[in-house]
Chemist: 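Quick one: the structure is below, questions incoming.
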Amino acid sequence: MAPSNDWKFTRRDVLKMGAMSVTALAAPRLVAGGSESGLGATSKPVTAKVGMEVNGAQQALELDTRTTLLDALREHMHLTGTKKGCDHGQCGACTVIVDGRRINSCLTLAVMHEGAKVTTIEGLGRPGSLHPMQAAFVKHDGYQCGYCTPGQICSAVAVLDEIKADIPSHVTGDLTAKASFSRTEVRERMSGNICRCGAYSNIHDAIEEVAGGAA
Amino acid sequence: MKFDTPATTNPIDRLKVVGKPVDRIDGPLKTTGTAPYAYERHDVAPDHAYGYVVGSSIAKGRIVAIDTSKARRAPGVLAVVTAQNAGKLGKGNFNTARLLGGPDIEHYHQAVAVVVAETFEQARSAAQLVHVDYARAKGTFDLASAKGSATKPKDGKPDTAVGDFDKAFAASAVTLDATYTTPDQSHAMMEPHATIAAWEGDRLTLWTANQMVDWSRGDVAKTLGIPKENVRLVSPYIGGGFGGKLFVRADAIMAALGARAAGRPVAVALQRPLMMNNTTHRPATIQRIRIGTSKEGKIDAIAHESWSGDLPGGGPETAVSQTRLLYAGPNRMTAMRLAVLDLPEGNAMRAPGEAPGMMALEIAIDEIAEKVGMDPVEFRVLNDTQVDPENPKRPFSQRRFVECMRTGAKKFGWERRAARPGSVREGRWLKGLGVASAFRNNLVMKSAARVRLERSGRLVVETDMTDIGTGSYTIIGQTAAEMLGLPLDRVDVRLGDSSFPVSAGSGGQWGGNSSTAGVYAACVKLREAIAQKLGVDANTAVFDGGDVVANDRRVPLTKAVAGGDIVAEDGMEYGDLDERYQQSTFGAHFVEVRVDAATGEIRIDRMLAVCAAGRILNPKSARSQVIGAMTMGVGAALMEELVVDKRLGFFVNHDLALYEVPVHADIPHQEVVFLDETDPISSPMKAKGVGELGICGVAAAVANAVYNATGVRVRDYPVTLDKFLDKLPPV
């Protein structure tokens, strides 16, 4: 995984500097103040420049440092395929793949991802050229309202990679054996992605088909 | 077009497109994240600002003072709207509580302010600076203690009675008298209530997540005090509703008010932690059920009483409704009583009435069957009725309930169920099977559409119908394709815009059948116009393969539109067939569970639903509706409960971490069987609803399976291990 910046600090250094500057460390190109003013504004938001590669394209942004990766994608890059279901890391609708690992993009600030490679649902496939997982979701009707779907698909793609990379889960019985695909494994690993429409049974069929094809 | 006599043969019966399990036509958009939901319309409102809602931190009382000065001075803030500066607001026909509180507060997290800023981060930050002084008033929050004060609701039919229940019950050979409770539940759809509002002069456009476009257009107008014609609602994709988006909610009104104050478009999504208390929920119930039977298990007497609560002016949870229709029995009564509670507004959630009603009734049936010494499948079969038991002259339009039970029992291996509960042990697991009936009425609603055959040969369908995950896009496309003899890929379906003809909308499982019937009506008119253009008889012409076949000649449809598009608009209205016949949908749910003998952990291993719900317009999307409903039923059975803080009057677990819903690990592979049937009394589509049938009875089937596994009966939902762990047999 690429480091988020070039600066090296010890944990003690970070603690000494205090909580306020931690964000600044993660985002070295700090810009004082923004252009916005309130009805009688007294202070201005802290912004920072951040660059990342999203779906293969370089993005250079200047963001309020409070902006989550999710809101950077949706509100600043207009990549609205990634959904905001709870904004608290409880539902999984905002799942994206950052440097090969799936994360909840609502639980991480955009400025923490300098130099990262981000793949969103738009980066997996487009209508007319669907990723195999997207096509399997269509075939097995692995969705209904469609709102959790991009997160489910990003998670599903990453889950198969995790199993391939021999990363164990909570239900892996034998940590010394190679991780393998099973219903129990997939259900456990997918359980951070809530589908209130209840398409789980179909989602599983879609993932199983792609896993079978990939094996 | 009026539907007042049962359907005969019509073009839908060709079943070249309708009835086929085709993939959803919106699938490629939804799976690539390119279907636009309400809060993500940078395409139409590129310069919108952001609103953040402040919710009341008291349940009842009034705002003494509200200080927005700090918030207004915060960076990026464009406006702060409260009841003080919002202007005069009305209340929608479908709302019980007002959507902007102040000075009076009616429930916890009722919106009291919206802070509008340039960015989301600024709005969120500034919202913390709104300071509200409240005077808290004493409220009533506990249904059990308010039960004694409950009164007969004014509307509907709170009391029904046929025969002499008391006498028959007293004389019955076998009796059951048991009380069940169901908790408050939350829709918890994945997409928060969200709206982008934009004003152009005195005209308002709302891109919003709403199931009922026309109802809500009217209620937005009424709330804001502007003419309905000045409001446009656009709701093409909705990230789940389940009844929670039937009505206008605070997101829409706060966005509209915020946009007016800020002088530019404003986007508002209700923050997830506000949703459970700010919006509506399925109200808790206390239900008493009494059943008296003969020694042989014939029901002589059946009574179902239900208590629920709501805000002043609200209504009851109609949990007794299925008991009026589901089982035979000459002596019967139902009653509903409503307490005034100061909790957030109670309202419809997927299968209102029947969902919680069947949670109780179907445990009661399991209990009485055991008392009689009968298999619960056989007990239900024995007490089937083919007529409305309150009015035996009124038949069901179709009722293949017994076939559902028999088919399911056979397919599920019901004969392997041990009649003696708690008697099957496999290693650490106690195993059990459960069954319950599924029942939900079929409602038909007026619905219209506009269809246009374009010169290119493409067919465009426009209706304000919504697709909340139900598959409306696809079945509407299939209907239009069938009617015009076109392949599905030559049809474009446009939904969810109030500038389109008014549809049935999505609710009460009426949407699929009613909206396609409206499209059918419009297509009949379009066929007539095309036939006229081609000089053939519309009644005998066959629309097939992109051609019109008449008088042994085959003419391409495109010939009719060589001179320009042909447009037709019509709708379907209904006569009294739903009064002359009882229209309902039926099913049977079968569940297998295992319960850890030591810890009480419950796992569901198998689920099967058998449904009889008229013609299934698309078996793939209909099956998804049913498995989704079964999943929500598992939630109702095992985990879903809004926990009431009885001192302060709010739902404590108001987010998705604490309000638990089923996840992947909770749900096994699910089987669904649809009986092959048509119901010509329902509509020319001969279809009925299915999306709510799927949830009715599921929770009881799970609870009955847990009883069969453990021998411990739990009558208070959800069935959590704390309610039975101490009664489990010794390990």
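Residue numbers begin at 1 in each chain, while the letters A, B, ... track the order of the sequences.
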Chemist: Who wins among B:Gly241, B:Ala35, B:Pro273, B:Ala194 for the most heavy-atom pairs under 4.5 Å with chain A?
Modeler: B:Pro273

Chemist: Need one label for B:Thr32: side chain, backbone, both or neither, based on atoms under 4.5 Å from any heavy atom in chain A.
Modeler: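 Both parts, backbone and side chain.
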
Chemist: Do you know which of A:Leu124, A:Asp141, A:Ile121 has the most heavy-atom pairs with chain B at a distance under 4.5 angstrom?
Modeler: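 Greatest number of close heavy-atom pairs with chain B: A:Asp141.
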
Chemist: Please look at B:Pro36 and chain A and tell me whether the side chain, the backbone, both or neither of the residue comes under 4.5 angstrom of a heavy atom of that chain.
Modeler: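 It is neither, since no heavy atom gets under 4.5 Å.
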
Chemist: Pick from A:His88, A:Glu75, A:Glu188: which one has the most heavy-atom pairs with chain B under 4.5 Å?
Modeler: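 Heavy-atom pairs under 4.5 Å are most numerous for A:Glu75.
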
Chemist: Given heavy-atom pairs under 4.5 angstrom as the criterion, report whether the side chain, backbone, both or neither of A:Ile203 touches chain B.
Modeler: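 For A:Ile203, the contact with chain B is made by the side chain alone.
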
Chemist: Let me confirm one number: the SG-CD distance from A:Cys86 to B:Glu191, rounded to the nearest 0.5 Å.
Modeler: 13.5 Å

Chemist: Would you indicate whether B:Lys620, at its atom NZ, is surrounded by more than 12 heavy atoms from other residues, nucleotides or ligands within a distance under 6.0 Å?
Modeler: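 Result for NZ/B:Lys620: enclosed.
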
Chemist: Chain A heavy atoms under 4.5 Å from B:Ile238: which part of the residue, side chain, backbone, both or neither?
Modeler: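 It is the backbone, since no side chain atom gets that close.
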
Chemist: Counting only heavy atoms closer than 4.5 Å, note whether B:Ala657 contacts chain A via side chain, backbone, both or neither.
Modeler: both

Chemist: Using a strict cut-off of less than 4.0 Å between a Lys/Arg side-chain nitrogen and an Asp/Glu carboxylate oxygen, indicate whether B:Arg41 and B:Asp43 qualify as a salt bridge.
Modeler: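 Judged by the 4.0 Å cut-off on N to carboxylate O distance, B:Arg41 and B:Asp43 do form a salt bridge.
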
Chemist: Would you kindly check if the NZ (Lys) or CZ (Arg) of A:Arg74 is within the cone defined by 45 degrees around the ring axis of B:Phe120 and under 6.0 Å from the six-membered ring centre?
Modeler: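 Relative to the ring axis of B:Phe120, which defines the angle, A:Arg74 lies outside at least one limit.
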
Chemist: Considering only heavy atoms and a distance below 4.5 Å, find which of A:Gly198, A:Gly192, A:Pro150, A:Cys145 pairs most often with chain B.
Modeler: A:Cys145

Chemist: How far does CG of B:Leu656 sit from CZ of B:Arg272, to the nearest 0.5 angstrom?
Modeler: 4.0 Å

Chemist: Under the side chain to side chain contact (heavy atoms under 4.5 Å, CB included) test, which residues partner B:Ala629, sequence neighbours left out?
Modeler: B:Arg350, B:Ile695

Chemist: For chain A, which of B:Met275, B:Met607, B:Gln625 has the most heavy-atom pairs under 4.5 Å?
Modeler: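 Highest number of pairs under 4.5 Å: B:Gln625.
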
Chemist: Output all residues satisfying side chain to side chain donor-acceptor pair (under 3.5 Å) with B:Thr466, sequence neighbours left out; order by chain, then residue number.
Modeler: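 Partners of B:Thr466 by the side chain to side chain donor-acceptor pair (under 3.5 Å) criterion, ordered by chain and then number, come out as B:Ser506.
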
Chemist: Find the one option among B:Asp666, B:Val22, B:Asp655, B:Leu29 whose heavy-atom pairs under 4.5 Å with chain A are most numerous.
Modeler: B:Asp655

Chemist: Looking at B:Pro192, B:Ser621, B:Ala269, which has the largest count of heavy-atom pairs under 4.5 Å with chain A?
Modeler: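 Top count of heavy-atom pairs under 4.5 Å with chain A: B:Pro192.
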
Chemist: Listed by chain and number, what are the ring-ring contact (aromatic ring centres under 6.0 Å, His included) partners of B:Tyr473, not counting sequence neighbours?
Modeler: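 Expected list: B:Tyr237.
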
Chemist: Are any side-chain N or O atoms of A:Asn193 and backbone N or O atoms of A:Gly151, one a donor and one an acceptor, separated by less than 3.5 Å?
Modeler: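 Looks like yes, one N/O pair under 3.5 Å.
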
Chemist: Answer yes or no: is there an ion pair linking A:Glu114 with A:Lys49, defined by an N-O contact shorter than 4.0 Å?
Modeler: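 Answer for the salt bridge query: no.
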
Chemist: Is it true that A:Asp71 and A:Lys84 have a side-chain N and a carboxylate O under 4.0 angstrom from each other?
Modeler: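 Yes, A:Asp71 and A:Lys84 are salt-bridged.
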
Chemist: Should the pair B:Asp605-B:Arg594 be classified as a salt bridge under the 4.0 Å nitrogen-to-oxygen rule?
Modeler: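 Yes.
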
Chemist: Is it true that a side-chain atom of A:Tyr200 and a backbone atom of A:Cys195 form a donor plus acceptor pair closer than 3.5 Å?
Modeler: yes

Chemist: Just give me the residue among B:Thr470, B:Thr34, B:Val634 that pairs up with chain A most often, heavy atom to heavy atom, under 4.5 Å.
Modeler: B:Thr34

Chemist: Is any residue of residues 177-185 of chain A within less than 4.5 Å of chain B by heavy atoms, and which ones?
Modeler: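 Within residues 177-185 of chain A, near chain B: A:Arg183.
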
Chemist: Using non-hydrogen atoms only, which part of B:Ile468 is less than 4.5 Å away from chain A: side chain, backbone, both, or neither?
Modeler: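 B:Ile468 touches chain A through backbone heavy atoms alone.
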
Chemist: In terms of heavy-atom pairs under 4.5 Å, which option from B:Ala126, B:Gly33, B:Ser69 contacts chain A the most?
Modeler: B:Gly33

Chemist: Indicate whether any N or O donor in one side chain lies under 3.5 Å from an N or O acceptor in the other, for B:Glu640 and B:Tyr659.
Modeler: yes

Chemist: Under a 4.5 Å heavy-atom cut-off, does chain B meet the side chain of A:Asn202, its backbone, both or neither?
Modeler: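 Answer is both: backbone and side chain atoms of A:Asn202 are under 4.5 Å from chain B.
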
Chemist: Looking at A:Tyr147, A:Tyr143, A:Phe137, which makes the most heavy-atom pairs under 4.5 Å with chain B?
Modeler: A:Tyr147

